[in-house]
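To keep things clear, I will list the structure first and then write my remarks on it.
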Amino acid sequence: QVQLVESGGGLVQNGGSLRLSCVASGRTFSSYTMGWFRQAPGKEREFVATITRSGSTTRYADSVKGRFTVSRDNAKNTVYLQMNSLKPEDTAVYYCAASISLVTSRAYEYRYWGQGTQVTVSS
């Protein structure tokens, strides 16, 4: 069992930056591929970024490539999402999730999910 708690969301202006954090409970954090997803009102949950167990490989949605960076600190059981050049269309609830798959953007392959943190980008 893994429990995930996100933080760092908030209100930011167009072009601003935020850094999301997700802290995992338990001693097996380094065994999981970690992902970030988001869900805007009235829309389906969508993939944002993922990072492998060691942090050696990352993947991004085209919509955030070049603006967002995912990283992890296995010693701190924490995964981060640095979000720069934020746009109003980035407004959503952001979720972190844990998967036993090697690397995946598919939500159904993620077993554990956090409660989400709201990110709002004003125009």
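Note that the coordinates shown come from a computational prediction; the quantities given were computed from them, not determined experimentally. Note that these values count all heavy atoms, side chains included, but never hydrogens, waters or copies made by symmetry.
- When atom types are taken as modelled, the side chain of N77 and the backbone of A24 share a donor-acceptor pair closer than 3.5 angstrom.
- Residues near Y108 contribute nothing to a hydrophobic cluster around it, because no ILVMFWY side-chain heavy atom sits closer than 4.5 Å to its side chain.
- Listed by first then second residue, pairs satisfying disulfide bond (SG atoms under 2.5 Å apart) with a partner in residues 67-114 read C22-C96, not counting sequence neighbours.
- No side-chain heavy atom of T104 sits less than 4.5 Å from a side-chain heavy atom of R59.
- Remark: of the listed residues T57, T58, V103, V103 is the sole one forming a side chain to side chain contact (heavy atoms under 4.5 Å, CB included) with T50.
- The side-chain heavy atoms of I51 and V79, taken from C-beta on, include a pair separated by under 4.5 Å.
- With sequence neighbours left out, the side chain to side chain donor-acceptor pair (under 3.5 Å) criterion links K43 to no other residue.
- Residues L81 and W113 are members of separate hydrophobic clusters, defined by side-chain heavy-atom contacts under 4.5 angstrom among Ile, Leu, Val, Met, Phe, Trp and Tyr.
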Please report the C-alpha distance between T91 and Q118 in whole Å, then the side-chain angles of each, then the deciding distance to 0.1 Å, and finally whether the side chain to side chain contact (heavy atoms under 4.5 Å, CB included) criterion is met.
-> CA-CA 8 Å; T91 295; Q118 176 71 47; 4.0 Å; yes
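- Taking a 6.0 Å sphere around CD of Q115, one finds it holds more than 12 heavy atoms contributed by other residues, nucleotides or ligands.
- Applying the side chain to side chain donor-acceptor pair (under 3.5 Å) criterion to S56, with sequence neighbours excluded, gives S54.
- Contacts classified as ring pair (Phe, Tyr, Trp, His ring centres under 6.0 Å) and involving residues 43-67 (residues at least two apart or in different chains) are given here: F37-F47.
- With side-chain heavy atoms closer than 4.5 Å counting as contact, directly or through intermediates, V5 stands alone and belongs to no larger hydrophobic cluster.
- Listed by chain and residue number, nothing satisfies the side chain to side chain donor-acceptor pair (under 3.5 Å) test with S30 (two or more places apart in sequence, or in another chain).
- Residue E89 qualifies as enclosed at atom CD: its count of foreign heavy atoms under 6.0 Å is above 12.
- For the disulfide bond (SG atoms under 2.5 Å apart) condition, no pair includes a residue of residues 23-65, sequence neighbours left out.
- Among residues two or more places apart in sequence or in another chain, the side-chain contact (heavy atoms from CB on, under 4.5 Å) test is passed with S31 by T28.
- Here the CE-OG1 distance, from M34 to T78, works out to 9.5 Å after rounding to the nearest 0.5 Å.
- With sequence neighbours left out, E46 forms a side-chain contact (heavy atoms from CB on, under 4.5 Å) with R38.
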CA sep, side-chain torsions, deciding dist, call: R111, I100, side chain to side chain contact (heavy atoms under 4.5 Å, CB included) | CA-CA 8 Å; R111 179 178 298 181; I100 60 174; 3.7 Å; yes
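- A heavy-atom distance below 4.5 Å is not found between the side chains of W36 and M83.
- Side-chain atoms of E109 and S99 form no donor-acceptor pair, as typed in the model, at a separation below 3.5 Å.
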List the atom pairs, donor and acceptor, that lie under 3.5 Å between side-chain atoms in residues 66-73 and the rest of the protein, sequence neighbours left out.
from: R67; atom 1: NH1; to: S85; atom 2: O; distance (Å): 2.9
from: R67; atom 1: NH1; to: D90; atom 2: OD2; distance (Å): 2.7
from: R67; atom 1: NH2; to: S63; atom 2: O; distance (Å): 2.9
from: R67; atom 1: NH2; to: D90; atom 2: OD1; distance (Å): 3.0
from: R67; atom 1: NH2; to: D90; atom 2: OD2; distance (Å): 3.4
from: R72; atom 1: NE; to: R53; atom 2: O; distance (Å): 3.4
from: R72; atom 1: NE; to: N74; atom 2: OD1; distance (Å): 2.8
from: R72; atom 1: NH1; to: Y32; atom 2: O; distance (Å): 2.9
from: R72; atom 1: NH1; to: T52; atom 2: O; distance (Å): 2.9
from: R72; atom 1: NH2; to: F29; atom 2: O; distance (Å): 3.0
from: R72; atom 1: NH2; to: Y32; atom 2: O; distance (Å): 3.0
from: R72; atom 1: NH2; to: N74; atom 2: OD1; distance (Å): 3.3
from: D73; atom 1: OD1; to: A75; atom 2: N; distance (Å): 3.1
from: D73; atom 1: OD1; to: K76; atom 2: N; distance (Å): 3.4

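- The side chain to side chain donor-acceptor pair (under 3.5 Å) test applied to Q82 returns N84, not counting sequence neighbours.
- Looking at heavy atoms from C-beta onward, Q39 lies out of side-chain contact with Y94 at the 4.5 angstrom threshold.
- Contact record, S123 with P88: CB-CG, 3.8 Å, taken as the closest heavy-atom pair.
- Here the side chains of V119 and V121 are in contact, with some heavy-atom distance below 4.5 Å.
- The minimum heavy-atom distance between T117 and G8, with the atom names listed, is OG1-N, 4.3 Å.
- Side-chain contact between L86 and L18 is present, with at least one heavy-atom pair separated by less than 4.5 Å.
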